[in-house]
Structure formats: structure tokens, C-alpha cells
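So the structure is just underneath, and the comments pick up after that.
First the proteins, then the strands, lettered A, B, ... as listed; each starts at 1. All values derive from a computational prediction rather than experimental measurement.
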2 protein chains.
Amino acid sequence: MNDLKKDIQPVSTATMADMVESRLREYLKRKSFVPGDALPKEQELADALGVSRNVVREALSRLRMLGMIDTRKKRGMILAQPDILGSLERVLDPLILGKNTLQDIFELRLVLEMGLADLIYLRKTPADIAQLETIVAQEVNKQQKPFRVEHEIAFHGKLYQMTGNDTYMRFQKMLLPVFEYVLDYEIKTNGQAEVGKVTHHDLVETLKTGNAEDFRKGMKEHLKPHFDRLKA
Amino acid sequence: MNDLKKDIQPVSTATMADMVESRLREYLKRKSFVPGDALPKEQELADALGVSRNVVREALSRLRMLGMIDTRKKRGMILAQPDILGSLERVLDPLILGKNTLQDIFELRLVLEMGLADLIYLRKTPADIAQLETIVAQEVNKQQKPFRVEHEIAFHGKLYQMTGNDTYMRFQKMLLPVFEYVLDYEIKTNGQAEVGKVTHHDLVETLKTGNAEDFRKGMKEHLKPHFDRLKA
DNA sequence: ATAATTCCTTTTGTACTACATATTGATCGG
DNA sequence: CCGATCAATATGTAGTACAAAAGGAATTAT
């Protein structure tokens with residue numbers, strides 16, 4: 001199905017820039033360049049590849065966007081360490097993604113949320129718990145719609161942060177808009193979602209007294225309305 | 001820390017292509033383009049932005065790489081649905097990522113693995129179980145090193161597939177090389193890792209008789225050696 | 001002699017032109 | 001009325017030219 005497309009399309013529609021991009025990738029890998037190493041100049045690459053400098057620049061522009069290379073005016077280009085999530089960020093717009101992908105991401109976030117218990121228990125500190133309690137305390141007062149979302153983000157965001165895993169935290173943050181978007185859509189079609197039986201407050205209590213297993217169970221209950229909506 | 005960098009760097013080092021890329025993104029969002037809509041021609045964009053067509057093409061080249069736009073020879077460019085993971089794929093190379101990021105991804109995969117139980121129980125079929133049993137049966141014979149990795153991939157890969165979530169599955173597959181890479185590194189420095197008490201065979205049994213909660217516990221035990229290696 | 005300044009060289013960034021190529025749509029012929 | 005050929009058009013590629021910045025070399029001053 002899709003495999004055929006991936007085999008045939010590149011042959012027919014591959015442009016020079018595409019090929020040069022791929023060649024450069026291969027070149028960097030084969031030469032075992034490490035971050036900081038200098039790359040040949042644009043003109044040299046163009047000559048070596050037998051294309052115009054224009055094409056080379058289009059390919060380099062892509063690698064530059066991904067953070068794979070850094071270029072400075074006279075010093076030439078150097079290999080850099082790309083920010084993996086930086087590239088994702090650019091594409092993760094609910095408005096341009098397909099419905100299936102959005103649904104997949106929605107589920108992915110549930111999976112992530114369910115799996116973070118062990119990391120949290122590995123690294124949580126009393127200070128973290130205290131902050132969570134502050135967040136929960138502020139929730140009690142304001143239950144209006146705009147604030148509820150804010151508190152959801154504050155609470156769950158703090159949980160990600162407690163994992164001590166920066167990539168994980170940023171990843172979750174990026175997924176948030178998609179989550180909200182799908183949620184809004186679901187609510188519009190299926191009516192208001194009820195809230196889970198286990199509250200944020202309960203989860204914090206579990207963090208203080210229970211173990212990772214308990215926390216996972218609590219989180220499952222907390223997210224139950226979302227899970228119930230999933231189609232088998 | 002990094003926030004400052006993100007605010008200051010763009011001002012100082014932003015090239016025209018960077019700005020045009022950002023402008024185009026904003027433009028697409030503001031005009032609420034939907035996939036299939038036609039974009040203005042390159043020359044028109046260049047004129048409107050006050051830059052050369054060259055710069056516009058560098059920016060478009062980036063969007064094209066991300067799959068955000070499709071272009072055909074005369075028909076112009078049309079907005080497309082980007083493949084979110086496609087962009088990740090290009091950057092997820094263990095050799096060029098930093099050590100911290102690699103460690104983060106290693107942990108991320110453990111998190112994902114721990115969180116997939118509910119999706120599996122929502123969607124598993126008898127056929128899936130049968131396939132898993134076949135995979136496990138083949139494991140028994142060959143325990144040599146190259147085969148073990150293959151079976152690991154086959155087994156866990158099948159689990160992802162059972163979630164019915166294509167994005168999730170591809171994501172996991174992409175994370176695999178990083179996982180292996182970090183694992184190899186750990187083994188080299190800390191010696192061979194022992195294997196978890198719960199085997200693949202046990203997990204399949206749980207899938208047949210137990211519930212999602214049991215499966216999560218089993219998976220935790222199965223991955224215990226990895227979790228034990230994590231630093232608090 | 002050492003340090004600071006100035007100038008020159010080099011490489012990227014941008015602009016412009018020209019033309020090839022493919023696709024669309026229209027015109028022309030059967 | 002349908003099919004084929006041909007022209008128009010937008011992207012793809014090449015090539016030239018020059019501006020700007022950054023590093024290094026040479027020169028001057030203390």
C-alpha cells in the first residue's frame with residue numbers, strides 16, 4: 001500500500017534538492033562527522049555533486065532548519081546537534097494534520113500519561129509535592145472553563161517536569177494543543193465529557209502515601225472518561 | 001537559560017530564508033488554508049515579501065521537506081498534510097544526538113512501553129495473540145545475540161501494532177535504534193544486563209488470562225533491568 | 001616587542017537572468 | 001463531437017554578480 005508509494009514516488013518526483021539532501025545526509029554519516037566538524041564550502045559541494053550552488057543551498061537550508069548544521073559567515077558550516085523536537089514542533093499543528101493522525105496523537109498522549117508513573121516515583125522530591133499541592137489548592141476556587149484548562153496544564157505539566165526528563169516534558173507540552181483540539185471536537189459532537197472519579201487532589205495524596213502502581217491506577221481512573229471514548 | 005537563546009538568536013542570526021519560512025507558516029495559518037488549496041506562485045510570493053525568488057525557494061524547500069506543501073510543475077503548489085514522524089525520522093540518528101537527549105529518548109521508550117497496556121486490551125484480537133505465540137515459540141530455539149535482538153523487535157513491535165495506533169507504532173519503531181544504541185553503551189560500561197524475571201511468554205499468558213493492570217505489572221517486571229539502570 | 005587597529009581575503013547570503021521541462025488548456029483537424 | 005497537436009505557464013536548475021561579515025595578516029603605536 002504505502003510501501004509502494006515510498007518506492008515509486010521518489011524516482012519520479014525526486015528533485016535535485018531532494019537527492020542532494022539525501023547525499024549530504026549519507027556523506028555526514030559515512031564520514032562519521034561529529035558536532036563541531038567543518039563541512040566543505042557550498043561551491044565545493046556543488047562541484048562535487050555536479051549541481052548548481054543554488055540546489056546545494058536548498059538542501060543545506062533544510063538541514064539548517066533541522067539544526068543539523070550551523071553556518072557562520074566566513075568560517076563555513078559546521079555540524080551541529082539537532083534539536084529532535086524542534087522539527088516536530090513545526091509540523092504539529094492541529095489545523096493541518098489529518099483526522100486519523102490527530103486521533104493517534106490523542107491516544108499517544110494517554111499512553112504517555114499512563115507510563116510516567118515510574119519515572120515520577122524515581123525522581124520526585126518533597127518540593128515537587130509541595131508545588132503540586134499549591135497548584136491543586138488554586139484549582140478549588142475557580143472552576144470556570146478557561147481556568148480549568150489552565151489548571152489541567154499546570155498540574156499535568158508539573159507531573160512531566162517531575163520526571164526530570166526534559167525531552168519527555170517538551171514532547172508532552174507540544175502534544176497539548178492537539179489534545180485540546182481533539183477534546184473540543186469530541187465535546188462538540190458527543191456532548192460534555194464527565195470528569196474522572198479520581199481528582200488531582202487524590203493523585204497528589206497517592207504520590208505522598210502510595211507507590212507507582214497505585215499512582216498508575218489512580219491516573220487510569222482520572223483519565224477514564226478519555227479512555228471510554230476510544231473506539232475499539 | 002534556553003529561553004533566552006530562543007529569543008535572541010533569531011534576531012541576530014535570522015536569515016531571509018528563516019523569516020520567509022516563518023512568514024509563510026503564519027500566512028498559511030492565518031488564511032486557514034486546508035489541504036489541497038493552491039498557493040500563490042513563487043514569483044508572486046517573492047514580490048510580496050520583497051525578496052528574491054531564490055530565498056522563497058529555500059523556505060519552500062523546507063516546507064516541502066516537511067510535507068507541508070506539494071508542488072507540481074505547472075499547477076503550482078498546494079498545501080498538503082505533513083507526515084509528523086517523517087521530520088522526526090530525519091533527525092533521529094544516535095550518532096548525531098547528544099548524550100542527554102539519547103538518555104531522554106531511552107527513558108521515553110520505557111514510558112511508552114509501560115503505557116501501552118490499555119490500548120492493547122482495548123483492541124487485541126485472538127489472531128494477535130496467536131501471532132504473538134508464534135513469535136515466542138521461535139524465540140526458544142535461538143538465543144544467540146543477533147537473533148535475540150530480532151526477536152525483541154518482533155515481539156515488542158507486534159505489541160505496538162496491536163494498539164491499532166499507526167503513529168504510535170511508527171514512533172516506537174523509530175525509537176528502537178536509539179534504544180539499542182544506549183543499551184550497547186550501557187553494557188560496554190556496566191557489563192551485561194541481566195534479563196527480566198517476566199519473559200515474553202509470561203506476558204502472552206497474561207494477555208490471555210489477565211487484565212490491563214496485570215499486563216502493566218508484568219511489563220514493569222520485564223523491563224525491570226532497564227528501570228534499575230536509571231539514575232534518580 | 002607587544003598590543004591594538006586597519007585592511008584584505010574568503011565564504012556565506014541575496015538578487016537577477018536565462019532557460020529547460022512538464023503540465024495544462026486551448027485550438028485545430030478529423 | 002472527439003482526439004491530437006501546440007502554445008502558455010509555473011516550477012526546476014544553472015550561472016553570474018555583488019554585499020556583508022568574519023577571520024587573519026600586516027601595519028602602526030606605545
Side-chain angles (χ1 to χ4, degrees), chain A residues 5 8-25 27-28 31 33 35-80 82, chain B residues 5 8-25 27-28 31 33 35-80 82:
Chain A
K5 217 188 212 169
I8 291 191
Q9 269 218 340
V11 185
S12 59
T13 65
T15 170
M16 286 290 175
D18 292 328
M19 292 171 62
V20 170
E21 182 206 336
S22 137
R23 289 288 182 89
L24 286 177
R25 265 221 174 66
Y27 170 72
L28 295 179
K31 287 284 225 172
F33 276 115
D37 284 359
L39 272 60
K41 332 175 224 214
E42 294 178 352
Q43 191 58 56
E44 284 175 10
L45 290 172
D47 292 343
L49 290 160
V51 296
S52 79
R53 189 158 84 98
N54 229 325
V55 170
V56 172
R57 279 188 62 81
E58 281 188 27
L60 288 173
S61 176
R62 300 178 180 184
L63 301 186
R64 214 172 302 132
M65 174 185 62
L66 296 178
M68 290 182 64
I69 59 176
D70 253 344
T71 89
R72 269 189 281 273
K73 273 276 155 102
K74 141 130 193 196
R75 216 174 134 197
M77 296 171 293
I78 59 175
L79 195 65
Chain B
K5 218 188 213 171
I8 290 190
Q9 270 217 341
V11 186
S12 59
T13 65
T15 171
M16 285 290 173
D18 291 329
M19 292 172 62
V20 169
E21 182 206 337
S22 137
R23 289 288 181 89
L24 286 177
R25 264 220 174 67
Y27 171 71
L28 296 179
K31 288 284 227 172
F33 276 115
D37 284 359
L39 272 60
K41 331 175 224 214
E42 294 178 352
Q43 191 57 58
E44 284 175 10
L45 289 173
D47 293 343
L49 290 160
V51 297
S52 81
R53 191 170 147 239
N54 224 324
V55 169
V56 172
R57 277 187 64 81
E58 281 189 26
L60 288 173
S61 175
R62 299 177 179 185
L63 302 185
R64 214 172 302 132
M65 174 186 61
L66 296 179
M68 290 182 65
I69 59 177
D70 256 344
T71 83
R72 272 190 285 272
K73 270 277 154 104
K74 141 132 194 192
R75 213 175 137 197
M77 297 170 292
I78 59 175
L79 194 65

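Rounded to whole angstrom, the span from the CD atom of B:Glu58 across to the P atom of D:dT11 amounts to 17 Å. Between the P atom of D:dG15 and the CE atom of A:Met16 lies a distance of 12 Å, rounded to the nearest Å. Straight-line distance from the CD1 atom of B:Ile78 to the P atom of D:dT11: 12 Å, rounded to whole Å.
Checked against side chain to side chain contact (heavy atoms under 4.5 Å, CB included), B:Asp47 has the following partners two or more places apart in sequence or in another chain: B:Gln43. For B:Asp70, there are no side-chain hydrogen bond (donor to acceptor under 3.5 Å, both in side chains) partners at least two apart in sequence or on another chain. Remark: A:Pro40 pairs with A:Tyr27, A:Glu44, A:Leu45 by the side chain to side chain contact (heavy atoms under 4.5 Å, CB included) rule, at least two apart or across chains. For A:Ser22, there are no side chain to side chain contact (heavy atoms under 4.5 Å, CB included) partners two or more places apart in sequence or in a different chain. The side-chain hydrogen bond (donor to acceptor under 3.5 Å, both in side chains) check on B:Glu21 picks up A:Arg90, B:Arg25, B:Arg62, with sequence neighbours excluded.
Listed candidates were D:dA14, D:dG12, C:dG13. Nearest to the side chain of A:Val51 is D:dA14. With D:dA14, C:dA15, C:dG13 as the candidates, the nucleotide lying closest to the side chain of B:Thr15 is C:dG13.
Look at B:Thr71 and you'll find a side-chain N or O under 4.0 angstrom from OP1 or OP2 of D:dG12. Between A:Ser52 and the phosphate of D:dA14, there is a side-chain N or O to OP1/OP2 separation shorter than 4.0 Å. Checking the phosphate oxygens (OP1, OP2) of D:dA14, no side-chain nitrogen or oxygen of B:Arg57 falls inside 4.0 Å.
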**Complete:** Counting primed atoms, P, OP1 and OP2 as sugar-phosphate and everything else as base, the B/S/- map of nucleotides 17-25 of chain C against protein heavy atoms under 4.0 Å is -B--BSBB-
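The side-chain heavy atoms of B:Leu66 and A:Met65, taken from C-beta on, include a pair separated by under 4.5 Å.
Nearest-nucleotide positions on DNA chain C for A:Met77 and B:Gly50 put A:Met77 closer to the 5' end.
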